[in-house]
Number of protein chains: 2
Amino acid sequence: MESDTYHHGNLKKALITTGLEILSEKGIEGLSLRKVARRVGVSHAAPYNHFSDKQALLAAISTEGHKQLYETLFRIFDSMKHASEDILLEIAWAYLQFAVEDPGRFKLMFSGALDEESKHPEFVEIASKNIALLEAIIQFCKEDGRLPAEALEIAAIKLWSSVHGFTSLVLEDQFPPEYMQAHQLRELLKAVVSP
Amino acid sequence: MESDTYHHGNLKKALITTGLEILSEKGIEGLSLRKVARRVGVSHAAPYNHFSDKQALLAAISTEGHKQLYETLFRIFDSMKHASEDILLEIAWAYLQFAVEDPGRFKLMFSGALDEESKHPEFVEIASKNIALLEAIIQFCKEDGRLPAEALEIAAIKLWSSVHGFTSLVLEDQFPPEYMQAHQLRELLKAVVSP
DNA sequence: CGCCGAATATTGACACTGTCAATATACAGA
DNA sequence: TCTGTATATTGACAGTGTCAATATTCGGCG
């Protein structure tokens, strides 16, 4: 599958993963089409055979990020189903870690560098999968009986809003610096996810 | 104060307000130093006499946005001190409206186009002013006695996180489209701000 | 008034970017 | 093998952020 022929083989995938690399190293400002192409070892216009736009590449990278987030959260959920600890807190903490460990990726995913993510069907799919996972987690946490569907959706939105908002504000340095140490953050997060 | 002399007079302020204009019209991608300069009627390098960087101009614009947000929320708070309605909901609603009515401005303020906002002292000042306002609002809503300081800070962070997260996710089209009508949004928001 | 330094604005250049048209190369099936 | 299609390259274009060199204006001092 790997070759250095004239035809790259699977340039599309290579562009996405290399894009994630550069995103992680240089942040969102440092991510250019030409840089990705150069890194992959291909001419500056080659990406246009696979992506109509820079926007299209960014959307693909963002989608890949959402898949990674899903994987991360799902793994946590799965590994804690039989533990007694506070699952919601661990999920929220994982969300925060996901953002902090690679801010560029998180910002691309959520900070509107994309104009119309909802035009890309792959993106819509993984986004709703993430919501469904959240709902499953919440359902699981209510030991005493299931919630009605509507309440479940609302609870999921509440939880996601809180955790996402907290994470965004942390990432953007919007809190006073004395809150910004790890164990402080964890305490705050506990308050944020508690009802 | 207004003149079309060689020296503009107060180019710095003009650049900021014109920047906000373009931001509102073309969004964050469509905002360039040169476009702002052209619109103000000044050469493409003139801004460098007042801002060391594009980043510096963006930071100033962002700071101005935070001031507008403070004004907006303060007005709501002030006008509702003697009303019986749900202040928290109205504040949250105003926050959401502020974002929706000018997404470019909101994204610049919160979506990490800035690298190190906390280096600009004016920004730090208005940011903490905004937190203080939130705390005052929460304090006011607890009719039965004051909260201890620590609980107050935590409550403010909880509230801000929820509302900000909800707003961001709405702005980024992360929710299923059936949630996206105004009265639906208001219902959801009510759930988000309720304890 | 006239002069001079400081503040401010302009011009021109540079490397970099996204995008497109024209061209070249490689692959897959007849 | 030949041919069409998919893929990659090259070269161009306008637009960008930034900087150095230059020009213009302002404020204060004589």
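Numbers restart at 1 for each chain; the letters A, B, ... are given by sequence-line order, proteins then strands. Computed from a predicted model, the values in this text were never measured in an experiment.
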Checklist line | First encountered from the 5' end of DNA chain D, between A/A45 and B/K54 | finding: A/A45

Check: Nearest to the side chain of A/N49 - D/dT9, C/dA9, C/dT19?
Finding: D/dT9

Checklist line | B/D53 CG to D/dG17 C1', straight-line distance once rounded to whole Å | finding: 9 Å

Note to self: Measuring to OP1 and OP2 of D/dT18, would you say a side-chain N or O of B/Y48 lies under 4.0 angstrom away?
What the structure shows: yes

Check: Within 45° of the six-membered ring axis of A/Y70 and under 6.0 Å from that ring's centre, is NZ or CZ of A/R75 located there?
Finding: no

Notebook entry, point to check: To the nearest Å, how far apart are A/K26 NZ and C/dT17 P?
Noted result: 11 Å

Notebook entry, point to check: Would a line drawn from the ring center of A/F175 to the ring center of A/F166 be shorter than 6.0 Å?
Noted result: yes

Check: Counting any heavy atom closer than 4.0 Å, what does A/H50 reach on the DNA or RNA strands: base, sugar-phosphate only, or nothing?
Finding: sugar-phosphate

Next item on the list: Figure out the CZ/C1' separation between B/R38 and C/dA9, and round it to whole Å.
Entry: 17 Å

Next item on the list: Take atom CZ of B/F51 and atom P of D/dT18, then tell me their distance rounded to the nearest Å.
Entry: 13 Å

Next item on the list: State yes or no: are the ring centers of B/H66 and B/F106 separated by less than 6.0 Å?
Entry: no

Notebook entry, point to check: Once you round it to whole Å, what is the distance between C1' of C/dT17 and NE2 of A/H44?
Noted result: 10 Å

Note to self: Let's see if you can work this out: which of D/dA8, D/dT16, C/dT17 has an atom nearest to the side-chain heavy atoms of A/A46?
What the structure shows: D/dA8

Margin query: I need the CD-P distance between B/Q55 and D/dT16, as an integer number of Å.
Written below: 17 Å

Next item on the list: Could you check which of C/dT19, C/dG12, C/dT10 has an atom nearest any side-chain atom of B/V42?
Entry: C/dT10

Notebook entry, point to check: Any side-chain N or O of B/R34 under 4.0 Å from OP1/OP2 of C/dT10?
Noted result: no

Note to self: Just N and O in the side chain of B/S43: are any of them under 4.0 Å from OP1 or OP2 of C/dA9?
What the structure shows: no

Note to self: Quick check on the 6.0 Å ring-centre criterion: do A/F77 and A/F140 meet it?
What the structure shows: yes

Checklist line | Whole-Å distance separating the CG atom of B/N10 from the P atom of C/dA7 | finding: 18 Å

Next item on the list: Would you kindly give the CG-to-C1' distance between B/L31 and D/dG17, to the nearest whole Å?
Entry: 13 Å

Next item on the list: Report the nucleotide, chosen from D/dG11, D/dG17, C/dT17, that has the shortest atom-to-atom distance to any side-chain atom of B/S32.
Entry: D/dG17

Note to self: I want to check something: taking the side chain as every heavy atom from C-beta on, are A/F110 and A/S168 in contact at a cut-off of under 4.5 Å?
What the structure shows: no

